S.K.: 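Okay, handing you the structure first.
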Amino acid sequence: MTDITTAKTAPETMELATFVTTDIAGITRGRSFDAAQTDEYLRKGVGWVPANLALTPFDVIADPNPWGSSGDLRLMADPNSKARVTCLPGVSPLHFYHSDITDLKGEAWDCCVRSFLKRTLEEYEKVGLKVVAAVEQEFQLLGVDWPHAPSFGLRAQRRADPFAPLLMQALREAGAEPETFLPEYGKDQFEITCSPSPALEAADRGITIRAITKEVAALFGWNASFAPKTQPDGVGNGVHLHFSFTDLAGTPVTFDASRPGRISQTAGAFAAGVIRHLPALIAFTAPSVLSYLRLVPHHWSAAYTCFGERNREATLRICPTLDLPGRDPSRQMNMEYRAVDACASPHLSLAVVLKAGLEGIKAGLQDPPLISSDPSELSEADQERLGVRRLPASLPEALDRLVQDEVVTGWFSEDFLDCYLAMKRKEIELVDGLNADELCARYAAIY
Ligand code: GLU
Ligand code: MG
């Protein structure tokens, strides 16, 4: 462990910059070079390997996969996504760029999830909409040695000092625009929120926040774990995706005071598309074996095809607006998709929820019924009447539901789907036979 009060990086230490890609296992990987040569690398990218996409979280490549040992790709960095942190004591600057995966001619690879999100956002622009998003994340500090402190408590935060201010400073320096840091309900659990931004940047930011949080925690000798559960009977770590829309001129179009839930017709149709395809989307947004220990009723997570207003058991929730004088609700109105966790790619998760929503917008679907109570407590008749169904309860079930939804599978190339399914089936095999405690430990060591 670094002694963060005394350690110094030698002034002559070379600074590295890294081009990163965050893959379908939600893991950020990449290649580094002398930061002084960044301009040259921004022009030419760094090398990458197709079969890397078949990597399970456990560093085993699913075999067969569509590529095997053949093929070459590039990581082409987005210069606008630069994150550079110099304020951390004892380590060299953390300096990286989110990248698209391209072929050797610089064309987007059909399996690049960041490019998939970009294409999805272009489809929104074609129907006159821009997407604003934010990724809100919970995590737990593992390896800490301190007395219990109450949930949401000031003590819970100060116990970890100077973790929170150092983290907030590092996030701000990286351009991640952190908003609030809060001690959460679970044991040693915290949450970070950040400002809304264009959706591509929001996905990049979600990853940047995770990477920096892990880095800062490691300086204290802790593991900041974003795993969906770190103990079978503990509180889950959620990732919540927030969405709102503007027209191409930037005028908000999510709010309509005259309609149920005060959401616009566009937002209602979006919600209907998401709820319709939800059982298939889950395979991407809750993509690990462990994810299904979190997605259970009474966990404030997401267990049903349920659209709710201010309802934390709803999978898609209309968030409250602050109705103080001078605060325009049309600029605040947003919806939150709650069935995500850190085992998922933020780019892929945002993209599939947006694609499903776009199906609803294009078909002009009616808003789903708004449910304000816990969906697990509705009678069977009410569930039936309101279209409330239990979401897949395991990863194999979620993969089956994905394969059955031809609209959703139709969004992807054959190679991508083959790779995704092969990787997930290998992941299932690799944790087969582990009990719940072992499963939590296995994933908490990675996420
Ligand atoms: N910890 C909950 C989850 O697993 C979320 C709690 C909240 O609403 O912030 O998603
Ligand atoms: Mg929370």
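For ligands, and for the atoms within them, numbers begin at 1 and follow the listed sequence. The structure displayed is predicted, hence computed values, not measured ones.
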S.K.: With heavy-atom distances below 4.0 Å as the criterion, list the atoms of ligand 1 near W300.
M.R.: 2 (C), 3 (C), 5 (C), 8 (O), 10 (O)
S.K.: Under 4.0 Å from any heavy atom of R312, which atoms of ligand 1 are there?
M.R.: 8 (O)
S.K.: Between the side chains of T321 and D323, is a donor N or O closer than 3.5 angstrom to an acceptor N or O?
M.R.: yes
S.K.: Under 6.0 Å between the ring centres of F284 and F412?
M.R.: yes
S.K.: State plainly whether the residues E177 and R172 are in salt-bridge range, i.e. N to O under 4.0 Å.
M.R.: no
S.K.: Rounded at 0.5 Å granularity, tell me how far CG in D418 sits from CG in N65.
M.R.: 9.5 Å
S.K.: Does E136 come within less than 4.0 angstrom of ligand 1, counting non-hydrogen atoms of the residue?
M.R.: no
S.K.: Are F58 and Y443 close enough that their ring centres sit under 6.0 Å apart?
M.R.: yes
S.K.: May I ask you to list the atoms of ligand 1 that are less than 4.0 angstrom from any heavy atom of G238?
M.R.: 3 (C), 4 (O), 10 (O)
S.K.: Roughly how far, to the nearest 0.5 Å, is the CD atom of E136 from the CD1 atom of I192?
M.R.: 11.0 Å
S.K.: Can you name the nearest heavy-atom pair linking Y447 to S225, along with the distance?
M.R.: O-OG, 2.9 Å
S.K.: Might you work through the salt bridge (charged side-chain N to carboxylate O under 4.0 Å, His left out) test for E125 and K130, ending with a clear yes or no?
M.R.: CA-CA 6 Å; E125 295 211 2; K130 282 190 191 257; 3.6 Å; yes
S.K.: Using ring centroids (six-membered ring only for Trp), state whether F19 and Y97 fall under 6.0 Å.
M.R.: yes
S.K.: Would you say ligand 1 has an N or O under 3.5 Å from any N or O of Q189?
M.R.: no
S.K.: Which option, K229, E138, E313, owns the non-hydrogen atom nearest atom 6 (C) of ligand 1?
M.R.: E138
S.K.: Between K426 and D63 (salt bridge meaning N to carboxylate O under 4.0 Å), is one present in this structure?
M.R.: no
S.K.: For the Mg ion (ligand 2), check which protein N, O or S atoms are under 2.8 Å away and list them.
M.R.: E138 OE2, E184 OE2, E191 OE1
S.K.: Considering heavy atoms of the protein only, find what lies nearest to atom 4 (O) of ligand 1 and give residue, atom and distance to 0.1 Å.
M.R.: R294 NE, 2.8 Å
S.K.: If you measure every N or O of V235 against every N or O of ligand 1, does any of those distances drop under 3.5 Å?
M.R.: no
S.K.: What residue and heavy atom of the protein are closest to atom 8 (O) of ligand 1, and at what distance?
M.R.: R338 NH2, 2.8 Å
